[in-house]
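Model, not experiment: these values are computed from the prediction. Basis for what follows: all heavy atoms, side chains included, without hydrogens, waters or symmetry-related copies. Proteins get letters first, then strands, A, B, ... in listed order; numbering begins at 1 in each.
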Amino acid sequence: MKEHTKSRHFIQRIIDEDNVTEKFDNRVHTRFPPEPNGYLHIGHAKAICLSFSIAEEYGGKCYLRFDDTNPIAEEDEYVRAIQEDVKWLGYEWDKLCFASDYFQQMYDYAVDLVKSGNAYVCDLTADEIKDTRGSLTEAGKESQYRNRPIKENLDLFTRMKDGEFPDGSRTLRAKIDMAHSNMNMRDPVVYRILHAHHHRTKDDWCIYPMYDWAHGLEDSIEGVTHSLCSLEFEDHRPIYDWYLDALGVYHPQQIEFARLNLSYTIMSKRMLKQLVDENHVSGWDDPRMPTISGLRRRGYTPAAIRNFMEEIGIAKRDNVMEMTKLESALRQDLNKRCERRMAVLNPLKVVITNYPEGEEETLEAVNNPEDESAGKRQVPFSRELFIERDDFMEDPPKKFFRLGLGREVRLRYAYFITCNNVVKDNDSNITELHCTYDPETKGGNAPDRRKVKTTLHWVSAKHAVDTEVRKYDRLFNVPAPGSMENFLEAINPNSLTLLNNCKMEPELKNAKVGEPVQFERLGYFCKDPDAGDKPIFNRTVPMRDAWAKLEKQMQSGKKN
RNA sequence: UGGGGCGUCGUCUAACGGUAGGACACCGGGUUUUGGUCCCGGCAGUCGGGGUUCAAGUCCCUGCGCCCCAGCCA
């Protein structure tokens, strides 16, 4: 086949070409321009990874710029959270900027636009503008204010800025073409009157620039070379170009790519905000949320997210990634970095009847079989233990390898045990197992080389640390909740399972909040900041589960 | 149906006129003190129809399908 060189995506190719033609003097300068009107989500992470990694790859710059041109939706809390998220992903911006830093400059440019006859003050109401815009197939009608003398426009625009007019009474509009086939070119609004308090400029302004006007200017002012954005802005590129050309200023190149979609979740800030506002989740950082902060709290690592973004690529076609792809990247990263511990989520008491009462010992356990340098630890063992309820069946099917009456299994790093007796309560619920251990199998190997079918995790009862575990499942039950009439109807009522009688090995007392750890045979977990009297662990992602798959197949009758 | 985009395994994504490859998923098998990891193998794709060419996923024509646009949101 070809070389092992990684193929380059279309944006890299455009930049390579620009560097050959020296279009931007071989500079590469990108930016990530979030509006601070919500928290960042995994979809934003794609844009972040793209823009920052492009800058890194070409030895260029990437700015973090808040596109704060709409004071009504924007808040400082979001500004703070967004910075935290970008940093957490591992990126350092070359400069932190705000669109609002350029409000004066943008205003001055708008005055230039009026002076050159390219913009006019329009007295039409929002409804009237809408009514005269035309439709996809019909041309719009020109505003009766379209041909006001420049002098009058200048006067009116100044007075707009000075606060003489109420909200919505007038706008500054670009004079382009009301019959243009691109709706964005039908005399778009450049400035609207908004007597609103801005999170940074306070009450300095009562007119605010529209996105199309502001964004290109921000890029131009900062010297951005390649302005990367998502596909829905493709229709806006003509207006981006028109403004910059009309002004005769430095002209970056806008390039659009397909945003990330993930199955079984939503990627809309509006909907995410609704989940938060209506308390369907505990907050923007609820571990079930596809937000960066939610994923962080859930136990995702920056490396997992970045590797995922690297794997999914950059292209222009609409896409919906399967969640399994994200989880695969997650497990891959967690597997190599996580230390292993033992914890029992649904405890079942086991009494080792031939183990001396009152005695205990300590056994050596490997911290990470994937990484010898992680070392070993001691785990206490005693006569009474807890094992997972799911690991015992009184009358198991052939393919169930775990513990059953009369069966022998290995306890990880400990002994072989055989179950001799099942103790039940009056409702015939199993309350306790009586087993015997083979002292010869200490550490987990039998001198006579006999084998067992499986190995179980366990926790010594008297040494166990009580804990609570939160298991998460997908937040939505349908593949594309965002495209439903009402996405709330797709919420999975079982997205959160609370387990409050969990038992952990004592070493887990030292777990740090947010630090990922593998509970052997169960999955990856991390301690939640919420802990009350008991520590709380979030299940980040379960282990791949061949037995669960087999069980499912047996239920559906494919196997037996 | 005006304009702008996009159609390659189930899902993503490569192949710049020269053997359609990789990842995830799925299905088998091996190793294993995690039914994990790891290893091996398998399944599976160029939207349709014409054309150009020795050769087409790639170029041309044509048809079909999907996405975006009528905020004083971004």
If you check every side-chain atom of [X], which of [options] has the closest atom?
X	options	value
A/Met210	B/U37, B/G35, B/C73	B/C73
A/Arg133	B/C68, B/U8, B/G71	B/G71
A/Ser7	B/G3, B/A25, B/A14	B/A14

- Item | A/Tyr102: partners by ring pair (Phe, Tyr, Trp, His ring centres under 6.0 Å), with sequence neighbours left out |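 A/Tyr102 satisfies ring pair (Phe, Tyr, Trp, His ring centres under 6.0 Å) with no residue once adjacent residues are dropped.
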- Would you tell me whether A/Ser227 and A/Arg31 have side-chain atoms, one donor and one acceptor, within less than 3.5 Å of each other?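 Yes, A/Arg31 and A/Ser227 have a side-chain donor paired with an acceptor closer than 3.5 Å.
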- Any side-chain donor-acceptor pair under 3.5 Å between A/Gln254 and A/Glu256?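 The answer is yes; a qualifying pair exists.
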- Message: So is the aromatic ring of A/Trp547 stacked onto the base of B/G35, judging by whether the centres are under 5.5 Å apart and the planes are under 30° apart?
- Response: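 Here A/Trp547 meets both the 5.5 Å and the 30° conditions.
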- Task: Examine distances only and state if a side-chain atom of A/His41 and a backbone atom of A/Met267 form a donor-acceptor pair shorter than 3.5 Å.
- Result: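 At least one qualifying donor-acceptor pair exists.
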- How long is the gap from CD1 on A/Ile54 to CD1 on A/Ile314, to the nearest 0.5 Å?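 Here the rounded value is 8.0 Å.
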- Message: Mind checking if A/Thr125 touches a base, just sugar-phosphate, or nothing, with heavy atoms under 4.0 Å?
- Response: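 Base, at least one base atom sits under 4.0 Å.
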- Message: Judged by each residue's nearest nucleotide on RNA chain B, which is more toward the 5′ side, A/Asn335 or A/Lys442?
- Response: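 Taking each residue's closest nucleotide, the earlier one in sequence belongs to A/Lys442.
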- Between A/Arg412 and A/Phe10, name the one whose nearest nucleotide on RNA chain B is closer to the 5' end.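 Here A/Phe10 is the residue nearer the 5' end.
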- Stem regions touching RNA chain B, defined by at least 3 consecutive Watson-Crick or wobble G-U pairs below 3.5 angstrom: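 If one scans RNA chain B for consecutive Watson-Crick or G-U pairs, the stems found are B:2-7 with B:64-69, B:10-13 with B:21-24, B:26-30 with B:38-42, B:47-51 with B:59-63.
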- Message: Just to be sure I understand the geometry, which residues of residues 318-326 of chain A put a non-hydrogen atom under 4.0 Å away from RNA chain B?
- Response: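 Within this stretch, A/Asp318, A/Asn319, A/Val320, A/Met321, A/Glu322, A/Thr324, A/Lys325 sit under 4.0 Å of the strand.
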